[in-house]
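So the structure is just underneath, and the comments pick up after that.
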Amino acid sequence: MISAEKILFTVVQKALQELYTLKSDNITFQKTRKEFEGDLTLVTFPFIKETKKSPEQVGQAIGEYLKQNEKQVSDFNVVKGFLNITLSNEFWLNYFNSIKDSESIGFKVPESSGRTVMLEYASPNTNKPLHLGHIRNLLLGYSVSNILKANGHKVIKVSIVNDRGIHICKSMLAWKKWGNGETPQSSGMKGDHLVGKYYVIFDKEYKKEVEELVGAGKKKEDAEKISLLMMECQDMLLKWEAGDKATVDLWKMMNSWVYEGFAVTYKTVGVDFDKTYYESNTYLLGKELIKEGLEKNVFYKKENGSVAIDLSAEGLDEKIVLRSDGTSVYITQDIGTAIERFKEFPDLKQMIYTVGNEQDYHFKVLFKILEKLGYSWAKECYHLSYGMVELPEGKMKSREGTVVDADDLLKEMFDTAEATTKELGKVDEFSETELKDLYYLIGSGALKYFMLKVDPKKKMLFDPKESIDFNGHTGPFIQYTHARIKSVLRKADFDYTKSIEAASFEPAEKEILRWIYDFESVIEESGKSLSPSLVANYVYELTKSYNRFYHELPIMKEENKEVKMLRLQLSKACGQTISNAMNLLGIKVPEKM
RNA sequence: GACUUCGUAGCUCAACUGGAUAGAGUAUUGGCCUCCGAAGCCAAAGGUUGCGGGUUCGACUCCCGCCGAGGUCACCA
């Protein structure tokens with residue numbers, strides 16, 4: 001079905017042409033505010049300069065033109081400079097009949113756009129378990145990939161694991177010194193938590209040593225340099241890079257513990273990847289390219305032998321891309337992996353990095369370097385930058401133990417879901433496994449919705465003392481409404497699928513239909529802005545409109561058979577839309593709860 | 001210090017990218033289950049959009065200056 005906006009666009013264009021001989025492409029419609037009569041609103045102010053008429057006159061004239069020349073327009077009114085357009089009942093009925101039995105309301109045909117997008121998210125370090133900040137990253141990345149798919153793109157989800165470097169050696173060294181051979185099996189700890197424990201131990205011991213040195217009269221900076229522990233650690237890194245067997249074996253073993261732990265958390269959060277990259281495999285990639293860049297004069301060698309690029313003309317600073325000892329820095333690997341990925345997937349059109357906004361500058365530099373190296377796809381690289389999750393006392397700091405652990409938080413959510421469900425006692429007939437699934441569904445739904453409803457760009461606050469709500473503007477509220485719809489539909493044990501040919505919509509019914517109609521454009525918009533929050537806030541509004549309808553009008557109790565069928569069909573379509581929208585957020589929706 | 005992001009009801013967030021009287025939830029107060037699911041619905045109260053200028057038909061949104069908070073400015077990752 002052609003959208004009303006498209007139809008109206010051409011008619012309004014014609015109206016302007018015929019009435020004022022005015023050519024304009026700048027015609028946009030907005031949803032009419034609910035305190036006014038109408039479906040779509042056209043703002044007439046942009047046209048008053050050329051027409052030299054008042055906004056009211058222009059609105060009135062265009063309105064009349066529309067009403068006479070476009071049968072889908074049944075009425076209009078003008079308030080100040082706003083032309084409110086009412087679409088015909090026939091239009092809405094046609095629309096309703098076209099979607100009422102569809103399961104893919106709002107979605108484009110999969111891979112119809114032919115655009116292949118790679119989306120990187122997760123990118124954890126292997127020295128500590130995942131925390132709340134990672135959860136935001138995971139949910140965002142996963143949801144954005146769903147939204148892009150719903151827009152017809154092909155998406156490759158990838159993760160890059162930061163599995164090498166000095167920070168990994170810290171855990172390894174501490175385990176070697178004080179671990180007494182402890183394993184996930186022997187301790188009963190999840191692998192990533194076990195490794196994280198030794199990372200913390202290292203830090204504690206290191207601090208202790210530095211303090212002792214300072215106590216003995218050393219300056220802090222000097223103490224940090226001559227710390228035996230740190231020197232041992234650096235030695236370990238050298239051994240690792242040289243391929244020393246014992247070191248590499250230890251590294252492999254501890255990493256495998258971490259991966260097992262991560263796999264559990266990913267599964268619990270409900271995210272997955274098409275491919276995982278490891279920095280231990282890719283960290284040398286960039287080096288070859290440095291040579292190339294030197295030949296092209298994009299980079300230059302400094303006196304001490306290091307290689308750098310000057311970006312001051314772009315308003316950025318000088319950036320080192322190769323150390324004087326010839327080893328690569330962080331950004332060197334990123335240059336290498338980016339190039340590698342575009343080689344690996346020749347039909348790749350866009351590359352999205354889901355990384356926190358503390359790395360805004362890093363990505364600016366990275367993309368600029370890629371551009372200077374002459375890669376045409378550099379401008380298609382995009383940093384999906386999101387704000388930090390903050391606690392009431394400020395930023396989370398792993399060293400100070402103020403992090404909210406991902407596994408703990410998830411567990412807590414499931415427990416709360418269990419307690420609330422038991423208290424309400426509506427699913428007594430559920431089996432043990434059904435109940436467990438339900439707690440999982442509600443608990444993770446609450447957490448996911450909580451995090452995805454806020455604009456990714458903005459930082460958000462999480463207060464562990466006030467647990468995440470299950471009432472109001474929340475995931476469970478939406479899940480509940482879906483269960484309620486399913487309950488109504490279960491009661492309708494007759495065939496109500498016949499198309500309704502003649503009916504008019506009550507305001508409450510129309511409101512729902514109006515929201516369902518908007519779903520498609522919301523998906524488009526959130527795909528463009530890579531923002532799941534648009535979908536989250538949208539589905540909340542849709543859900544509210546259903547609850548209002550539900551309280552206002554009878555469904556199964558309605559006497560008129562046609563009206564009853566219409567309301568059942570509307571309920572079904574609404575339930576489907578809720579389910580589709582929540583799916584984009586990675587949230588499942590129950591039949592009963 | 002330079003650059004950068006942000007500042008909206010007590011609290012957590014919206015506001016269709018410059019549009020109508022700035023909206024929700026929560027907390028507070030009141031009403032609605034012998035009637036399709038009360039994790040719900042209805043209502044009251046809550047605001048000088050940090051402050052001061054400017055741009056225009058119109059500003060939470062754009063520009064300038066203050067104030068306040070975060071982030072980044074490594075041959076760390």
Side-chain angles (χ1 to χ4, degrees), chain A residues 28-33 35-36 41 43 45-46 48-49 54-55 79-82 84 123 125 127 162 164-168 279 283 302 304-308 315-317 319-331 333 356-362 364 385 387-388 390 394-395 417 420-421 423-424 426 442 446 450 453-455 457-463 466 469-481 483-492 518 521-522 525 529 533-534 536-538 540-541 544 547-548 550-558 567 571 592-593:
Chain A
T28 54
F29 300 93
Q30 44 191 299
K31 196 170 159 41
T32 302
R33 299 184 65 135
E35 58 267 38
F36 300 102
T41 296
V43 183
F45 287 105
I48 57 173
K49 256 190 201 138
S54 75
V79 181
K80 294 191 204 166
F82 299 89
N84 301 320
S123 338
N125 288 350
N127 61 341
N162 183 0
R164 60 162 288 277
I166 193 83
H167 55 295
I168 313 291
E279 284 192 357
Y283 82 107
K302 299 182 53 156
N304 59 15
S306 63
V307 179
L316 306 169
D317 296 323
K319 178 75 192 170
I320 299 283
V321 292
L322 204 63
R323 294 191 191 102
S324 48
D325 64 3
T327 58
S328 57
V329 294
Y330 186 63
I331 204 161
Q333 324 177 16
N357 64 10
E358 53 196 354
Q359 295 201 33
D360 283 355
Y361 183 76
H362 170 78
K364 241 190 230 171
S385 164
M388 299 286 102
E390 285 181 10
K395 207 189 165 192
T420 313
T421 306
E423 201 181 305
L424 293 169
K426 292 180 184 172
I442 297 171
F450 175 84
K453 78 173 177 184
V454 350
D455 184 342
K457 289 193 290 291
K458 295 192 177 171
K459 64 169 190 240
M460 62 179 295
L461 192 102
F462 176 80
D463 189 345
E466 291 177 26
D469 236 309
F470 282 35
N471 300 318
H473 188 179
T474 67
F477 164 77
I478 296 162
Q479 292 173 319
Y480 170 80
T481 305
R484 172 186 249 178
I485 290 171
K486 287 292 174 176
S487 166
V488 176
L489 295 178
R490 245 178 269 125
K491 290 197 165 69
D518 273 346
S521 62
V522 169
E525 192 55 43
S529 56
S533 70
L534 297 179
N537 288 303
Y538 161 80
Y540 173 65
E541 293 296 336
K544 271 208 299 193
N547 279 320
R548 245 176 265 129
Y550 181 87
H551 280 268
E552 220 173 278
L553 300 167
I555 304 170
M556 283 306 288
K557 287 183 179 157
E558 170 59 41
R567 289 184 186 159
S571 298
K592 288 184 186 181
M593 68 186 272

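Naming convention: chains lettered A, B, ... in sequence-line order (proteins, then strands); numbering from 1 in each chain. From a predicted model like this one, the values you see are computed outputs, not experimental measurements.
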Do any N or O atoms of the protein come closer than 3.5 Å to N or O atoms of nucleotides 14-16 of chain B, and which pairs are they?
unit_1, atom_1, unit_2, atom_2, d
B/A14, OP1, A/D455, N, 2.6
B/A14, OP2, A/K458, NZ, 3.4

Among the candidates B/C57, B/G71, B/G40, find the nucleotide nearest to the side-chain atoms of A/F45. B/C57
Consider the side chain of A/H167, meaning its heavy atoms from C-beta on, and name the nucleotide among B/A77, B/G25, B/A20 that approaches it most closely. B/A77
What does A/N162 touch in the nucleic acid at a heavy-atom separation under 4.0 angstrom: a base, only the sugar-phosphate, or nothing? sugar-phosphate
Between the base of B/A20 and the side chain of A/N84, is one N or O donor paired with an acceptor at under 3.5 angstrom? yes
Side chain of A/S487, heavy atoms from C-beta onward: which of B/G37, B/C13, B/G19 has the nearest atom to it? B/G37
Less than 4.0 angstrom between a side-chain N/O of A/R490 and OP1 or OP2 of B/G37, yes or no? no
For B/G19, is there a stacking contact with A/F82, counting only centres under 5.5 Å and planes under 30°? no
Do the side chains of A/K395 and A/E358 get close enough for a salt bridge, i.e. N-O under 4.0 angstrom? yes
Base, sugar-phosphate, or nothing for A/F450, non-hydrogen atoms under 4.0 angstrom? nothing
Can the ring centres of A/Y540 and A/F477 be said to be less than 6.0 Å apart? yes
Pull out every stem in RNA chain B, meaning runs of 3 or more consecutive Watson-Crick or G-U wobble pairs with both distances under 3.5 Å. B:1-7 with B:67-73, B:10-13 with B:23-26, B:28-32 with B:40-44, B:50-54 with B:62-66
Looking only at B/G71, B/U26, B/C36, the nucleotide nearest the A/M556 side chain is B/C36
Using a cut-off of strictly less than 4.0 Å, decide whether A/R548 has a side-chain nitrogen or oxygen near OP1 or OP2 of B/C42. yes
Considering every strand and a 4.0 Å limit on heavy-atom distances, what is the contact class for A/E541: base, sugar-phosphate, or nothing? nothing
Residue closer to the 5' end of RNA chain B, A/E466 versus A/E279 (nearest nucleotide): A/E466
